[in-house]
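Since we're looking at a predicted model, the values are computed, not measured. Order of the sequence lines sets the chain letters (A, B, ...), proteins ahead of strands, with each chain counted from 1.
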There are 2 protein chains.
Amino acid sequence: MRHSRQRELILDIITGNTTHPTADAIYVAAREREPNISLGTVYRNLKVLAEEDKLVTLETQDKKIHYDYNVLPHGHFICDRCGKIYDMFYEDGQIGKLAERGFSVSGAKCVYYGVCAECGKKEKN
Amino acid sequence: MRHSRQRELILDIITGNTTHPTADAIYVAAREREPNISLGTVYRNLKVLAEEDKLVTLETQDKKIHYDYNVLPHGHFICDRCGKIYDMFYEDGQIGKLAERGFSVSGAKCVYYGVCAECGKKEKN
DNA sequence: TCCTAAATAGTAATGATTATCATTATTATA
DNA sequence: TATAATAATGATAATCATTACTATTTAGGA
């Protein structure tokens, strides 16, 4: 993978950004510093960076991919009203702690990724 | 909400269906019994049924919404290789039990939904 | 039966993401 | 340092899941 000014810029924009921005939001921010950057370039690099585990994607009900620079394992809370995405770093008693902070949880979606038993067997052969 | 043959059919197709089908797959199945049913009708009813908590949506990396008739709280495991979606009904030691069954977990995405503290405060006013 | 609003079928529109491709930029090597 | 090979870009077109639109049909109560 070759170095590029644009990819550097995108990484710089998301690093430390806790707003879980969409590709478009990143594009808008990028144009402030690199006015000719293309939306396609933003998408392409976000995809590459996600494949390299430099960032993590979050598929939500708004049908836009949100990007998270924080690749450490943690969960998210999405407000049904304002749509804001909060990070959840604690592992134990998550819902209880959210309640203490005034967050009411009405539902959860947990998805695990990996290789299933069937495919694991095939790969051994 | 008025009764409709089409909505009944869609509910019948997903009830007990553990494959987490997409709208298109449901459409294909529906056409076998109702050849003139419209794709729009399928989408419209799936949306309504989800709003009525008759089914649950699952947003995945394939950019298609998957529908789950099982509205009881449970998680999912998506195989990176074959894309198959498995249900996870146990609450404790989930990853450990998956490993016992030959599933290797490489990552997880947990999203909680509800109302955040800020919006909750506004609603009280 | 008749009326009214909800639901449908068919189709067009939307919008996020991807693909394409000619051009530019990076980097290894002579 | 110049050059060659090719990865990356910018601009734009294409894709495709989902939604909107609209004329027509249908459910179900008066």
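In this structure, B:D24 atom CG and D:dT19 atom P are separated by 14 Å, rounded to whole Å. In this entry the distance linking CD of B:E8 with P of D:dT26 reads 17 Å, nearest Å. A straight line from NZ of A:K47 to P of D:dA7 spans 18 Å, rounded to a whole angstrom.
Counted by atom type alone, A:T57 and B:K109 present one or more donor-acceptor pairs between their side chains at under 3.5 Å. Side-chain atoms of B:D62 and B:T60 form a donor-acceptor pair, as typed in the model, at a separation below 3.5 Å.
Looking at B:D87, its side chain never comes within 3.5 Å of a backbone N or O of B:F89 through a donor-acceptor pair. In this structure, the side chain of A:R7 engages the main chain of A:R2 through a donor-acceptor pair within 3.5 Å. Looking only at distances, a side-chain donor or acceptor of B:T15 sits under 3.5 Å from a matching main-chain atom of B:L11. A:D12 places no side-chain N or O within donor-acceptor distance of the main-chain N or O of A:E8, the cut-off being under 3.5 Å.
In this model, the phosphate group of C:dT17 is approached by a side-chain N or O of A:Y43 to a distance below 4.0 Å at OP1 or OP2.
Contacts between residues 50-71 of chain A and DNA chain D, defined by a heavy-atom separation below 4.0 Å, involve A:K63, listed by number.
By the 4.0 Å N-to-carboxylate-O rule, A:E118 lies too far from B:R81 to be salt-bridged with it. Looking at B:E59 and B:K64, no side-chain N of the basic residue comes within less than 4.0 Å of a carboxylate O on the acidic one, giving no salt bridge.
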Identify the pairs formed between an N or O of the protein and an N or O of nucleotides 7-10 of chain C at a distance under 3.5 Å, and give each distance.
{"residue": "C:dA7", "atom": "OP1", "partner": "B:R2", "partner atom": "N", "Å": "3.3"}
{"residue": "C:dA7", "atom": "OP1", "partner": "B:R7", "partner atom": "NH2", "Å": "3.1"}
{"residue": "C:dA7", "atom": "O3'", "partner": "B:S4", "partner atom": "OG", "Å": "3.4"}
{"residue": "C:dT8", "atom": "OP1", "partner": "B:S4", "partner atom": "OG", "Å": "2.7"}
{"residue": "C:dT8", "atom": "OP1", "partner": "B:N45", "partner atom": "ND2", "Å": "3.3"}
{"residue": "C:dT8", "atom": "OP2", "partner": "B:R44", "partner atom": "NH1", "Å": "2.4"}
{"residue": "C:dT8", "atom": "OP2", "partner": "B:N45", "partner atom": "ND2", "Å": "3.4"}
{"residue": "C:dT8", "atom": "O3'", "partner": "B:Q6", "partner atom": "NE2", "Å": "2.9"}
{"residue": "C:dA9", "atom": "OP1", "partner": "B:Q6", "partner atom": "NE2", "Å": "3.3"}
{"residue": "C:dA9", "atom": "OP1", "partner": "B:N36", "partner atom": "O", "Å": "3.4"}
{"residue": "C:dA9", "atom": "OP2", "partner": "B:S38", "partner atom": "N", "Å": "3.0"}
{"residue": "C:dA9", "atom": "OP2", "partner": "B:T41", "partner atom": "OG1", "Å": "2.5"}
{"residue": "C:dG10", "atom": "OP2", "partner": "B:N36", "partner atom": "O", "Å": "3.4"}
{"residue": "C:dG10", "atom": "N7", "partner": "B:S38", "partner atom": "OG", "Å": "3.1"}

